[in-house]
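Pasting in a structure now, in structure tokens, and then I'll have a few things to ask.
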Number of protein chains: 2
Amino acid sequence: MSAQLASNAIMFDIRTAKRSIGIAPTQTTVTSIDDGVEAMEMMGARMTFDRDAEIFGESEAADFVYRVVSGAVRTYKLLSDGRRQIGDFHLAGDLFGLEAGAEHRLSAEAICKTEVMVFRRANLFSLAARTPAVGRALWAETARELERAQTHLMLLGRKSACERVASFLSALGEREPKASEIALPMSRQDMADYLGLTIETVSRTFTQLQSDGVISLSGCRRVHVKNRGALARLSA
Amino acid sequence: MSAQLASNAIMFDIRTAKRSIGIAPTQTTVTSIDDGVEAMEMMGARMTFDRDAEIFGESEAADFVYRVVSGAVRTYKLLSDGRRQIGDFHLAGDLFGLEAGAEHRLSAEAICKTEVMVFRRANLFSLAARTPAVGRALWAETARELERAQTHLMLLGRKSACERVASFLSALGEREPKASEIALPMSRQDMADYLGLTIETVSRTFTQLQSDGVISLSGCRRVHVKNRGALARLSA
DNA sequence: CGTATCGTTGAAATATATCAATCGCAGTGG
DNA sequence: CCACTGCGATTGATATATTTCAACGATACG
């Protein structure tokens, strides 16, 4: 694994630790020394992965849960002949690799140099067993993933190439509602494998959206959304 | 809602009630009178829905969880112009309509005359708050749904029409590993909207699989799998 | 037994894929 | 600093899988 284990995190406040795995800190309070110990165990180690480095593989033991600190991650499945379907992209702040079962059901790779925090699943589980709020937060996270997958199903099953690209850009744009400039950490191939298209079709669609005045490209990894409304309408 | 509320269930054993919502009965035991009361509340009312009757709609309050007793259910999303993507089919024994959040994110309809058991979500939640095993079972159920969705994404994004139909039949066939006869409760349109195809393509693929000797059709709702291996191979 | 709905088949249209060539930028070494 | 190199992106021409449009057939239902 082409990753380097960085120094352990230095935070000590349990609320910070819990926020760092996506659990609202107001929902739990420090009530005992055990919780303090738990907090230390919960705090993730930081790791960095190079571009295209594997973070975990499909059907590997899911002993860790990850949170993107910086960079971007793709999760995907492969068919035996190499066809790839990307399930989701995970950007800064996103959790990934959380499984209810013992094994990962998708593989995960860093899209670019990526820093993540790593949490022991066993610690989350034991914490959840004692703190109902934590258990519910884990469930809610899986439910969020499911919701995204269901939206993705609609995109793949029933939308045209143009609608897929527009939906994708719209969704990315909504992560920064103020900014109209979208940075694309992923390649055209990654987008194609996420959208169920080929690179050529993705590329052609970008240039068409550009000539229609909906977006403008400044280098292939930087999109300026000139007409957010049009993009939303094209998303169907 | 074209459904009739049947007489309340008559079971009283809490283990039966818990098994009926998909929680391994061995993991919990009756320890108090409260549990007994809980069991009564848990036990679902039986309801029947006519063909094409709506069970719940997208973004409706998710106050109930359902289990198919007999018949079949489709869950789906619609685009504003009427395009439909079916998320999943639920057959006898399957749970559906379970949400971590307050609202349903898909609509559900009976495919044929269908009997379901209905459970109050609030009861499940309060039980889960006290019984970690129940909470984990709910999470596991959502995780199962997510896993199915991820497989479905692969199908829609990267498989050919023939591979989609073969995958679909294979998966249905695996529900009855012994029997080689598959009953299709759903129409060609339902299959098309599940597989991201048109009815014509589904129909043509069926006839092609038949002329290739992989399946044989006895009436359009009954498929005899003549060559399970070939079907699996065609599923990619 | 008639009628409506669903499924099948055919022919033509089209969106997207495939194959192939060129472009352009980022990194590298002279 | 500039040319060289290589990979990713774009563009073009062509192929093709699937859709669309249309007619016909079968099946279930009243």
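Residue numbering restarts at 1 for every chain, and letters A, B, ... go by the order of the sequence lines. As the structure is a computational prediction, the values presented were derived from the model and not from experiment.
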- Please examine the side chains of B:Y76 and B:L106, heavy atoms only from C-beta on, and report whether any two atoms are closer than 4.5 Å.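 No, every pair of side-chain atoms sits at 4.5 Å or beyond.
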
- Message: Could you check whether B:F64 and B:F56 have their ring centres less than 6.0 Å apart?
- Response: no

- By nearest-heavy-atom nucleotide on DNA chain C, the more 5' of A:G219 and A:T198 is A:T198

- Query: Under a criterion of less than 4.0 angstrom to any heavy atom of chain A, what are the 5'-terminal and 3'-terminal contacting nucleotides of DNA chain D?
  - Reply: D:dA9 to D:dA13

- Task: Rounding to 10 degrees, work out the angle separating the end axes of the helix from C:dC1-D:dG30 to C:dG30-D:dC1 (five pairs an end).
- Result: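 It comes to 40° between the two terminal axes.
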
- Query: Are the side chains of A:L197 and A:R164 in touch, meaning some heavy atoms are under 4.5 Å apart?
  - Reply: yes

- Would you say A:T114's side chain and A:C112's backbone share a donor-acceptor pair under 3.5 angstrom? yes

Atom pairs under 3.5 Å, N or O on each side, protein against nucleotides 3-10 of chain C: can you list them with distances?
unit_1, atom_1, unit_2, atom_2, d
C:dG7, OP1, B:R188, N, 3.2
C:dG7, OP2, B:R188, N, 3.4
C:dT8, OP1, B:R188, NH2, 3.1
C:dT8, OP2, B:R188, NE, 2.7
C:dT8, OP2, B:S203, OG, 2.7
C:dT8, O5', B:S203, OG, 3.0
C:dT9, OP2, B:T207, OG1, 3.4
C:dG10, N7, B:R204, NH1, 2.9
C:dG10, O6, B:R204, NH2, 3.3

- Message: So A:R84 and B:R158, do their side chains get closer than 4.5 Å, heavy atoms only?
- Response: no

- Message: Between A:F168 and A:Y194, is the ring centroid distance below 6.0 Å?
- Response: yes

- With the side chain counted from C-beta on, respond yes when A:L169 and A:V225 share a heavy-atom pair under 4.5 Å apart, and no when they do not. no

- Task: Please check if atom CZ in B:R148 has more than 12 non-hydrogen atoms from other residues, nucleotides or ligands closer than 6.0 Å.
- Result: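 At most 12 heavy atoms, drawn from other residues, nucleotides or ligands, come within 6.0 Å of this atom.
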
- Item | Nucleotide C:dT16, atom P - distance to CZ of B:R158 in whole Å |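 After rounding, the reported distance stands at 13 Å.
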
- Any side-chain donor paired with an acceptor under 3.5 Å for A:K159 and A:S167? yes

- Count the heavy atoms of every other residue, nucleotide or ligand shown that sit under 6.0 Å from CZ of B:R228, and state whether that count exceeds 12. yes

